[in-house]
There are 2 protein chains.
Amino acid sequence: MQNKTDLFPDRLADLAAQAKALSHPARLAILQTLAQRGTCICGEVVDVLPLAQATVSQHLRTLRDAGLVRGEIEGPSTCYCLDDDALRTLADDFGAFVNTLTPDIPNGIEPDCC
Amino acid sequence: MQNKTDLFPDRLADLAAQAKALSHPARLAILQTLAQRGTCICGEVVDVLPLAQATVSQHLRTLRDAGLVRGEIEGPSTCYCLDDDALRTLADDFGAFVNTLTPDIPNGIEPDCC
DNA sequence: ATCGTGTATCGTCGTTATACGATAAGCTTT
DNA sequence: AAAGCTTATCGTATAACGACGATACACGAT
């Protein structure tokens, strides 16, 4: 299979890549876990999820590669934080994208034909 | 591989499933194409994308299964419309999710440790 | 230096996604 | 009935994903 991803505009490719980072419940659960602590988590992420350590580490790497999470080696364990700015940007981008799809209807009439 | 998706809360599984529907640039491009017309498209979707007809049909099915697009057989061709409500709901859900992750900081101080 | 703890990476396996050609199915028109 | 057009589906091949055990790595404590 050839990868046709690069045949599309960068904006769409970037959005799709970010959506892919959020496309697994384990990764959403990781984000929630990080958020619930208020601060970074240096460990314990594995204990919360019903997955093996190697799998959680993979998901964390995916989130880090997507820029949604920052990780730094912090002594014996590794410290993971949410990247609040990236998350907000992502939410904004998605909101903006959907808005371009469904602009506020001026006169309240849906032009749908179906 | 055992599918561990159902080991997570429904809310997260649903959000992840919707994100997955948006996780390919071709599908985002299809949504844009549908939106640009203002009305539904009964054909021509294939012509806009750099993909084979079978591939586009598959992506359309994915979007339909995710509830983001409605399709009805319209004479010789098939008519596809955006489901504006579903799209808005999706955007709201994502916004809400991100907000629970990054609540508005009351005193403007980031509690990050990294 | 050794042990223990916690994380990352490697290798692997099964599943799912992506992409396409070929074909079928449905409707229009001839 | 046959031809033509459009879309869906089937079959298939390759790539990517998800999951895990095993192992390597880094560091603190002993």
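We name chains A, B, ... by the order of the sequence lines, and we start the count at 1 in each one.
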Enquirer: Among the nucleotides D/dA8, D/dG18, C/dT9, which one has an atom lying closest to any side-chain atom of B/Y80?
Expert: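 When the side chain of B/Y80 is considered, D/dA8 is the closest of D/dA8, D/dG18, C/dT9.
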
Enquirer: Do the side chains of B/L63 and B/Y80 get nearer than 4.5 Å, heavy atoms only?
Expert: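 They are not in contact (no side-chain heavy atoms under 4.5 Å apart), so the answer is no.
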
Enquirer: May I ask you to test the A/L34-B/L101 pair for a side-chain heavy-atom distance under 4.5 Å?
Expert: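 Counting from C-beta outward, A/L34 and B/L101 never come under 4.5 Å.
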
Enquirer: For C/dA8, does either OP1 or OP2 sit under 4.0 Å from a side-chain N or O belonging to A/R61?
Expert: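 Indeed not, no polar side-chain atom of A/R61 lies that close.
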
Enquirer: Could you give the CG-to-P distance, from B/D65 to C/dA17, as a whole number of Å?
Expert: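 About 11 Å, once rounded to whole Å.
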
Enquirer: Would you mind telling me which residue lines up with the more 5' stretch of DNA chain D, A/A26 or B/R64, judged by nearest nucleotide?
Expert: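 Comparing both residues, the 5'-ward one is B/R64.
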
Enquirer: What pair of heavy atoms forms the shortest contact from B/A21 to B/A66, and how long is it?
Expert: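 Closest pair (atom of B/A21, atom of B/A66, distance): CB-CB, 3.6 Å.
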
Enquirer: Rounded to the nearest Å, what distance is computed from the NE2 atom of residue B/H59 to the C1' atom of nucleotide D/dT9?
Expert: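 Spelled out: NE2 on B/H59 to C1' on D/dT9 is 16 Å.
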
Enquirer: Please give me the minimum heavy-atom distance between B/Q53 and B/V46, naming the atom from each residue.
Expert: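 Looks like CA-CG1, 3.8 Å.
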
Enquirer: Taking 4.0 Å as the cut-off, does a side-chain nitrogen or oxygen of B/S57 come that near to OP1 or OP2 on D/dA8?
Expert: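 It does, given that an N or O in the side chain of B/S57 lies less than 4.0 Å from OP1 or OP2 of D/dA8.
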
Enquirer: What is the separation between atom CG on A/L51 and atom P on C/dT7, rounded to the nearest whole Å?
Expert: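 Distance check: A/L51 CG to C/dT7 P gives 15 Å.
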
Enquirer: Report the distance from atom NZ of A/K20 to atom P of D/dG18, rounded to the nearest whole Å.
Expert: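 It is 8 Å, rounded to the nearest whole Å.
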
Enquirer: Over how many whole Å does the gap from B/F8 atom CZ to D/dG18 atom C1' extend?
Expert: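 About 11 Å, once rounded to whole Å.
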
Enquirer: Taking only side-chain nitrogens and oxygens of A/T55, does any of them come within less than 4.0 Å of OP1 or OP2 of D/dC20?
Expert: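 Yes.
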
Enquirer: Nearest to the side chain of A/H24, heavy atoms from C-beta on, is which of D/dT9, C/dA8, D/dG18?
Expert: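 In terms of side-chain proximity for A/H24, the closest of D/dT9, C/dA8, D/dG18 is D/dG18.
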
Enquirer: Output the rounded distance in Å from CD1 (B/I30) to P (C/dT18).
Expert: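 So the two atoms are 11 Å apart, to the nearest Å.
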
Enquirer: So what does B/R27 hit on the nucleic acid, given a heavy-atom distance under 4.0 Å: a base, only sugar-phosphate, or nothing?
Expert: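 Contact class for B/R27: sugar-phosphate only.
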
Enquirer: Does any non-hydrogen side-chain atom of B/L51 lie less than 4.5 Å from one of A/F8?
Expert: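 Yes - at least one pair of side-chain heavy atoms lies under 4.5 Å apart.
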
Enquirer: For B/L63 and C/dT18, give me the distance from atom CG to atom P, rounded to whole Å.
Expert: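 Spelled out: CG on B/L63 to P on C/dT18 is 11 Å.
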
Enquirer: Checking contacts here: which listed nucleotide (D/dA19, C/dT7, C/dT18) is nearest the side-chain heavy atoms of B/Q58?
Expert: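 Closest of the options to the side chain of B/Q58: C/dT18.
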
Enquirer: Considering every strand and a 4.0 Å limit on heavy-atom distances, what is the contact class for A/A54: base, sugar-phosphate, or nothing?
Expert: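 Base contact.
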
Enquirer: In whole angstrom, give the distance that lies between atom CD of A/Q53 and atom P of D/dA19.
Expert: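 Rounded to the whole Å, the gap is 14 Å.
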
